[in-house]
Each structure stands twice: as C-alpha cells, then as structure tokens.
Amino acid sequence: MDTAKLEENFDAKLLRNENIEPKDWMPDNYRKHVTRQVSQHAHSEIIGMLPEGNWITRAPSMRRKMVLLAKVQDEAGHGLYLYSAAETMGTSRDELLDQLNTGKAKYSSIFNYPTLTWSDMGAVGWLVDGAAIMNQVMLQRTSYGPYARAMVRICKEESFHQRQGFEIMQVLAAGTPAQKEMAQDSLNRWWWPSLMMFGPPDDQSPNTANAIKWKIKRESNDQLRQRFVNQTVPQAALLGLTVPDDALKWNEEKKGYDFGTPNWEEFNNVVRGNGPCNKERLAARNKAHSGGAWVRLAAATFAEKRNKAVAA
Ligand code: FAQ
C-alpha cells in the first residue's frame, strides 16, 4: 500500500475514534510524539516517587506510613506500565532511561520542588495527584491503545491518592493553630507549581496542535488548568484554607474562576534544569540506577538460562 493510502486509513481510524495499536501503520511524527509524551510521563511517575519517598521514614503514625508506602509503590507501578506502553512504539526501556538519567528527557516540573513538612504529603496528594488526574482522565481516551489502557488503571489509583492527600489536609486544617498554619503554608508553596503542571499557556504550547489533531490530547493545557481551578477552589474553602491568588474571582458568565497568571519564567527555569531540586533528583535517580545494575544483570542472566532450558 502506498503512503498516501496508509495515511488515509490512519486518519479514518482516528475519525472513527478507534485506537491506534502497536502494529498499525502510523506517521513517523505520531510515533515520535507519543513516545515523547508517554516516556516523559513514565519519567515523571518514577521521579515523582522521590519527594514523597523522602517522608516514609518520618510519617507521623504507622497508618500514615503504610498508606504513603503503598502510594509511592503505586507510582513505581505507573512508571512500569508507561515504560511498557512507550516500548511498544519501538524505543527500548534502556534508551528511555538513558535519556532520563543523562538529563536529555523532561519530566514534570512539579517534582523539582522540595517537600519540607509532613503537610506537604497532604498537598502533594491533594493538588499534585489532583492535577495529574485532571489531565489523565482525558488520556484514558487518548488515541494510542497501550497508553489509553494504562491510563485506566492509573486513574483509579490516582483518585485514591488524591483523596488520601485531601484527608491529610483535612486533619491538619482542623487541628491546632500550628497544624492549620502548616497546611496553609503547604498550599501556598504548592498551588502555583501545581497549575504549571498543565504546561505552558495554549498560545505557547508547540505540541498541542498535533496532539489534538491526532487525538493524543483531548483537551488543551488551559482548558484542563481552568477545570482544576474550578474544582479545587471550593475544596480549599471546605478546608478553611486560602488559595494564594489575589486575582481569584468567580466569573458567572464563564461559570468558572478567573485566576492570576503563573510565573512562567519560573516554570521555564525549572524545565531547563534550574529548579530548587533538579540536580538532587537526577543524582538520586542515577544512584538508584547504578545501584540496581546487579539486579538487572541477575534478572537477565536468569532469563537467559531459563530460555536455554526451555529450548533444550
Ligand atoms: N513539566 O507543547 P507543550 C504525576 C514541556 S504524572 C516539564 O504544551 P505537551 C503522577 C513539554 O514536554 C505528571 N515539562 O507540551 C504523580 C514540551 O517540551 P518538549 C506528569 C513540561 O506535551 C503524582 C514543552 O514544555 N503527567 O504527577 C511541562 O503538549 C504524585 C512545551 O509544552 C504527564 O506527563 C511540565 N509541567 O503538553 C507521581 C501527563 N509542561 O517535550 C508522583 C502526560 C510542558 O517538546 C506523585 N503529558 N512541558 O521538549 C501531557 O499531558 C503533556 O505532555 C503535558 C504537556 C500537558 C504535560
């Protein structure tokens, strides 16, 4: 079949809202685009383990420790599903991890901020997982089959994560004045970076046009950011906390909140590798990767022996 016909079939599949599967023909740029987004998403999940992993040994009770441990393990699982989905596009996991470890690949800006107090575990669950789900719900209908299917399970787990974070905030906000102040301080520090997770404004988002055309993203960065604000502001009110944005105001006409502009200079700086924790995160990732080399070698050697035994 010539390329024009293959492209016609690909477009027709998208029009019918059918998934593109690994063995289907796809344009090179679609393959590149999906590989970029899915692998960056996978990197975000495993780098995202670091700010919370930092608090497992300091959780204030056994119950909190068990819940946090389970949550951080879930993030590792999400990374695994997503690397598997990315690999079906033809790039090996080794290559993808190499891009992360050498600083060539991006991961979500949010994980370059420090977790300073226990209430940051609440704010990360409530706001960071909350923003992540807002984006991921639409990704359950993304056009690439393995990515869409991975997102279904990830969304179920993320919604539990969001609720556990909100519950930590509820307990602190209803606690002593010092605890409430700690919760407010976390909201102050995590609010704006959470809004930045959705990516640059639509008019500065070079990938959105193709992403929407190919049904990889179903909604734009600004649409999702607006929905997140609409959903989260009433939750902050329920907690008795104040969203740190003087421009925040209900707009009856658009049935949503008007809100201030995130500091995009800060965002660009963090994405370029100069955020508060970028170097620390990459160093931790590289240490884990080299420390795990013997495990990978042992697993590969065992698999080789087993394959030989099966073949014999
Ligand atoms: N951070 O043209 P756009 C989680 C880059 S999972 C860093 O708008 P696009 C779970 C972007 O890559 C969180 N870089 O790009 C969890 C592009 O650069 P490139 C991760 C960013 O792809 C919770 C350039 O800027 N979620 O949190 C960011 O259309 C708690 C121009 O941007 C996903 O990855 C950013 N925030 O839209 C784990 C979801 N934003 O690649 C542990 C899947 C943009 O051309 C604890 N990804 N950039 O060099 C997406 O939906 C999209 O990729 C966006 C960006 C929306 C992130």
Side-chain angles (χ1 to χ4, degrees), residues 44-45 48-78 108 110-111 113-137 153-198 224-250 255-257 259-260 262:
S44 304
E45 297 283 355
M49 296 166 73
L50 297 169
E52 286 173 302
N54 183 31
W55 276 90
I56 291 171
T57 54
R58 293 180 284 167
S61 69
M62 184 56 86
R63 172 174 170 264
R64 293 290 186 203
K65 194 191 288 279
M66 280 168 20
V67 172
L68 186 60
L69 195 57
K71 178 189 190 285
V72 173
Q73 277 181 328
D74 283 352
E75 309 299 357
H78 299 174
S108 184
I110 193 76
F111 301 118
Y113 291 86
T115 43
L116 302 177
T117 62
W118 169 253
S119 68
D120 284 359
M121 296 304 95
V124 168
W126 172 38
L127 300 173
V128 176
D129 286 275
I133 309 176
M134 191 55 76
N135 171 287
Q136 287 166 346
V137 164
R153 178 156 177 190
I154 292 178
C155 279
K156 289 199 175 114
E157 293 176 351
E158 295 289 25
S159 87
F160 158 75
H161 297 169
Q162 196 267 352
R163 274 175 266 174
Q164 70 83 37
F166 188 75
E167 196 247 350
I168 293 176
M169 295 303 273
Q170 265 179 322
V171 171
L172 290 172
T176 64
Q179 286 171 325
K180 185 167 182 184
E181 205 177 302
M182 193 160 79
Q184 181 65 55
D185 173 59
S186 293
L187 172 56
N188 293 348
R189 285 182 290 108
W190 289 93
W191 176 255
W192 291 106
S194 297
L195 295 194
M196 293 174 195
M197 282 177 74
F198 295 95
L224 292 167
R225 190 169 11 252
Q226 177 72 57
R227 189 167 313 135
F228 175 76
V229 172
N230 293 350
Q231 177 183 288
T232 313
V233 169
Q235 294 173 353
L238 197 72
L239 292 171
L241 301 178
T242 308
V243 173
D245 180 357
D246 293 338
L248 194 66
K249 195 165 172 275
W250 178 254
K255 298 268 182 263
Y257 289 92
F259 56 97

Atom of Ser194, atom of Val128 and distance for their closest heavy-atom approach: OG-CG2, 4.1 Å
Measuring from atom CD1 of Ile133 to atom CG of Leu224, what distance do you get when rounded to the nearest 0.5 angstrom? 12.5 Å
Nearest heavy-atom neighbours spanning Pro51 and Gly48: CD-O, 3.4 Å
Once ring pair (Phe, Tyr, Trp, His ring centres under 6.0 Å) is applied, do any residues pair with Tyr257, and if so which ones, sequence neighbours excluded? Trp250
Closest contact, heavy atoms only, Ala183 versus Leu241: CB-CD1, 4.1 Å
Here's a test for you: under side-chain contact (heavy atoms from CB on, under 4.5 Å), which of Met134, Arg227, Gln226 qualifies with Phe198? Met134
Is a donor from one side chain sitting under 3.5 angstrom from an acceptor on the other, for Gln164 and His161? no
Kindly compute the distance separating CG (Asn135) from CE (Met197), expressed to the nearest 0.5 Å. 7.5 Å
Arg58 atom CZ: more than 12 heavy-atom contacts under 6.0 Å: yes
Looking only at heavy atoms, the pair that brings Phe228 and Ala131 closest together is CE1-N, 3.4 Å
Rounding to 0.5 Å, atoms CH2 (Trp55) and OG1 (Thr115) come to a distance of 7.0 Å
Taking every heavy atom of Leu195 against every heavy atom of Arg225, the minimum-distance pair comes out as O-NH1, 2.9 Å
With a 3.5 Å cut-off and sequence neighbours excluded, list the donor-acceptor pairs that the side chains of residues 165-179 form with protein atoms.
unit_1, atom_1, unit_2, atom_2, d
Glu167, OE1, Arg64, NH1, 2.8
Thr176, OG1, Gln179, N, 3.1
Thr176, OG1, Gln179, OE1, 3.4
Gln179, OE1, Thr176, N, 2.9

Indicate the atoms forming the closest heavy-atom contact of Leu187 with Ala236, along with that distance. CD2-CB, 4.5 Å
